[in-house]
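The block underneath contains the structure these notes are about, expressed in structure tokens.
We use all heavy atoms of the structure for the numbers below, so side chains are in, but hydrogens, waters and symmetry mates are not. Each chain gets a letter, A, B and so on, in the order its sequence line appears, and its residues count up from 1.
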6 protein chains.
Amino acid sequence: MADAPPGTVRASRASVVRLMVPTDANFTGNVFGGSILEEVDRVAYITASRHAKGTTVTASFDRVDFLGPVHVGEVLDFEAMLTFVGRSSMEVAVRVRAEEVHSGRSRHVVQAFVTMVAVDAAGRPVPAPPLVLETADERARFEDGRRRMEERRRTRPAPAA
Amino acid sequence: MADAPPGTVRASRASVVRLMVPTDANFTGNVFGGSILEEVDRVAYITASRHAKGTTVTASFDRVDFLGPVHVGEVLDFEAMLTFVGRSSMEVAVRVRAEEVHSGRSRHVVQAFVTMVAVDAAGRPVPAPPLVLETADERARFEDGRRRMEERRRTRPAPAA
Amino acid sequence: MADAPPGTVRASRASVVRLMVPTDANFTGNVFGGSILEEVDRVAYITASRHAKGTTVTASFDRVDFLGPVHVGEVLDFEAMLTFVGRSSMEVAVRVRAEEVHSGRSRHVVQAFVTMVAVDAAGRPVPAPPLVLETADERARFEDGRRRMEERRRTRPAPAA
Amino acid sequence: MADAPPGTVRASRASVVRLMVPTDANFTGNVFGGSILEEVDRVAYITASRHAKGTTVTASFDRVDFLGPVHVGEVLDFEAMLTFVGRSSMEVAVRVRAEEVHSGRSRHVVQAFVTMVAVDAAGRPVPAPPLVLETADERARFEDGRRRMEERRRTRPAPAA
Amino acid sequence: MADAPPGTVRASRASVVRLMVPTDANFTGNVFGGSILEEVDRVAYITASRHAKGTTVTASFDRVDFLGPVHVGEVLDFEAMLTFVGRSSMEVAVRVRAEEVHSGRSRHVVQAFVTMVAVDAAGRPVPAPPLVLETADERARFEDGRRRMEERRRTRPAPAA
Amino acid sequence: MADAPPGTVRASRASVVRLMVPTDANFTGNVFGGSILEEVDRVAYITASRHAKGTTVTASFDRVDFLGPVHVGEVLDFEAMLTFVGRSSMEVAVRVRAEEVHSGRSRHVVQAFVTMVAVDAAGRPVPAPPLVLETADERARFEDGRRRMEERRRTRPAPAA
């Protein structure tokens, strides 16, 4: 895995699409945050694993903004792409849109950043392949991602007992 | 809903993408057929409801071919599109591909035809909007769909007690 | 398993009975098709595995007719029996009745045909035991089943990439 | 419901049959007690509601004996029948057998007694229809059930804060 | 495990706390008995396994009293403690309180006794560590538990075919 | 709800305790991040709703650090407490410890900050009751919380289409 070739942002983009059903509802009849976070975790796993060509684990959810309620019966589209790659860790941005099926109208409902780490079979971090940046946007997002990564490293709690 | 405008095949196409997780596994460690059929039902519902601009219910699964085993950890892409529209009923073709995340290789694993019916709030059939055919392929699939629909009508069991 | 003795239709009949609970409901408050298909798959697995005295996998759902809505709180009885046995494949007919608990009234709500295949530990098809036909009805269903099997073989999509 | 006619033991007997799947397994690979108790509760509900011709709620599980491990892949048959009917409360005996699908061998794995209460729409107890006893066995079980009911009433904790 | 040191009642006490969500609801909108029994089983497992310092399995639910309805949106607190320890078997008392979140009011809703058995890797019973009794209350509960255990042994059905 | 009295940090503290079972496992056999985030969301809801004496919704997950793998069979203790209260929004800190049942050893595995908002029946923000700070620690955490809240407000994406 350490030898996996560099990859572009495009090559590891992923999309997970899911219809929200009654078992996803919370007390108010809207969709439960937990159902959404579960899928955010899965799509981030797909993008990071495609890039690393190997197993990855979630290190942190760095920011998840719920921008408005999501309703049962809507279709959610979770779009994930890499924004930054460090030595072993990869930052994935996940953008979720909700579509009202009958009208076809959709809106941006969740924005998240997830940090994944490439690991070997024993769960130890291994180098992630370099990220090939192809556009000015990708380069700008990479610099923002690097800044967030440094901030995270500075403030991450120690795994003390 | 009876007044919903005609729609193209493209306008109601839908895609549902899902990572297969351990709770989807059957006794052999492969993915359980039931987990797949559940998503086939949901994506067919999305396509039919987008076209009808209203509620739809499943009338029949007309054919579901499992072309090979699906493994936990693979990403399944369920692509649905309308093939035929009668008075109230709509035939949806669903094609499922499985992608092995690390290698990026994918294969065609399931092919299904589902018949959905446009209904009103009381569950009574209502007219579905006409289907606008734009290509020779779409017209050929429509004729095949019409033939299957007639065969189904001929052989459908009566809802007797 | 190839050596398993021939079996009668009666010997492998199976019945699965389930109370429909709120988590089985779809948007309209009726029972979700997916919940029903999951149990159709399971009862077909029981019947085919009893006959084969070994592992079986689902090859296709050949026809599933939903004859009317099913309500939360009703008891569903899934009755499965073999209709046809080829070399490795077995056709199972599944008939589902819904019973309204308070009144005791029941009605026929789903009719399905499922094709199962006997496999070895590596998932390769193995011969299924012959089916012993004891009544004129069973012989008639066997001939109908053979016709459907030939039609399926003719129209099954190739497992191409 | 208070006016529902008397019923025999036979008229309200119920059977729920379920294939045990991997999500039913506990840490040791055997089936989790909770999965079994859930179905015991449901089949007791069916029997009591058939007899009462109305809604019933669980008052107590009076005894559940697990007589041996249950394995994933086995088919469980939950048989429920009334043993005793008091004013509003009904005692249901549930006997569970596990069948190993390939060999067809089965064994008695769980024995339970559940007390259900007939209630109106507001959840208040209402009279249950009398139980018609047709055999000496049924009469003997009724006397045993009456004894257990008196013992339960004597030892039931007060619903204090 | 046979060599695990004696333990006090306090040392193995356990508490499981859960918010009741819409998927826990039954037909009446109240929480389904099955959802509660599942957690009773789990908290009894935690207490017995803490005491035995090894694997334990459920032998019986000896009495579960539902003292009133539980509502979706309430927080349930399942408190488990050992009342009696025999050679391999351990009796666990589980007391469940329901708290209405907004008002903070709580009430006693379920009382249960569960018998767990210490087992080795092959599922055979092994000695459980002695229970150290520290208070008069604990000694009184131990005597009550011993009486129930003897009664259970006397009335437990044989695991016959 | 706007008139709910001020509350201390202690009064709304909450704890949710859960045994991790096989259905919580991901591909590596460790517990899936999604199962943990679901409970983090629920315990934050309990704490915020206890303080607000009314309904609350999740506005953002501001930071979730996974400090190490969690294993099936471990008991997770989610401890939630308020750190900051603004006009309608409340910041909840959630600290998760995992306990290995047999040995009794535990370790800190997840640290999270969640922002909840008090809402009325129509989902519109309403004032949250003031937070009464009783210790120097609580005052320090409140200042840290205020800083994070300002940073979040500055960087929250607009809920644009």
* Tell me, for A:Ser35 versus chain F, whether the close heavy atoms (under 4.5 Å) come from the side chain, the backbone, both or neither. => neither
* Partners meeting side-chain hydrogen bond (donor to acceptor under 3.5 Å, both in side chains) with F:Arg154 (sequence neighbours left out) -> F:Glu151
* Quick check: are there more than 12 heavy atoms from other residues, nucleotides or ligands sitting under 6.0 Å from CZ of A:Arg10? -> no
* To do: Decide yes or no on side chain to side chain contact (heavy atoms under 4.5 Å, CB included) for F:Arg63 and A:Asp62, but give the supporting numbers first.
  => CA-CA 5 Å; F:Arg63 182 73 182 270; A:Asp62 303 308; 4.2 Å; yes
* To do: Please determine which of A:Val40, A:Asp65, A:Leu37 meets the side-chain contact (heavy atoms from CB on, under 4.5 Å) test together with F:Phe61.
  => A:Leu37
Distance-only donor-acceptor pairs under 3.5 Å for side chains of residues 83-90 of chain F, two or more places apart:
from, atom 1, to, atom 2, distance (Å)
F:Thr83, OG1, F:Glu91, O, 3.1
F:Thr83, OG1, F:Glu91, OE1, 2.5
F:Ser88, OG, F:Val126, O, 3.1

* Asked: What's the spacing between A:Thr155 OG1 and F:Arg148 CZ if we round to 0.5 Å?
  -> 9.5 Å
* Can you tell me how far the CZ atom of F:Phe66 sits from the OG1 atom of A:Thr115, to the nearest 0.5 Å? -> 11.0 Å
* Asked: Any idea which of A:Gly34, A:Gly33, A:Ser60 has the most non-hydrogen atom pairs under 4.5 angstrom with chain F?
  -> A:Ser60
* **Neighbour count >12 (heavy atoms, 6.0 Å) for atom CZ, A:Arg153** => no
* Asked: Non-hydrogen atoms of chain F under 4.5 Å away: do they reach the side chain of A:Arg152, the backbone, both or neither?
  -> both
* **From OG1 (A:Thr58) to CD1 (F:Ile36), nearest 0.5 Å** => 9.5 Å
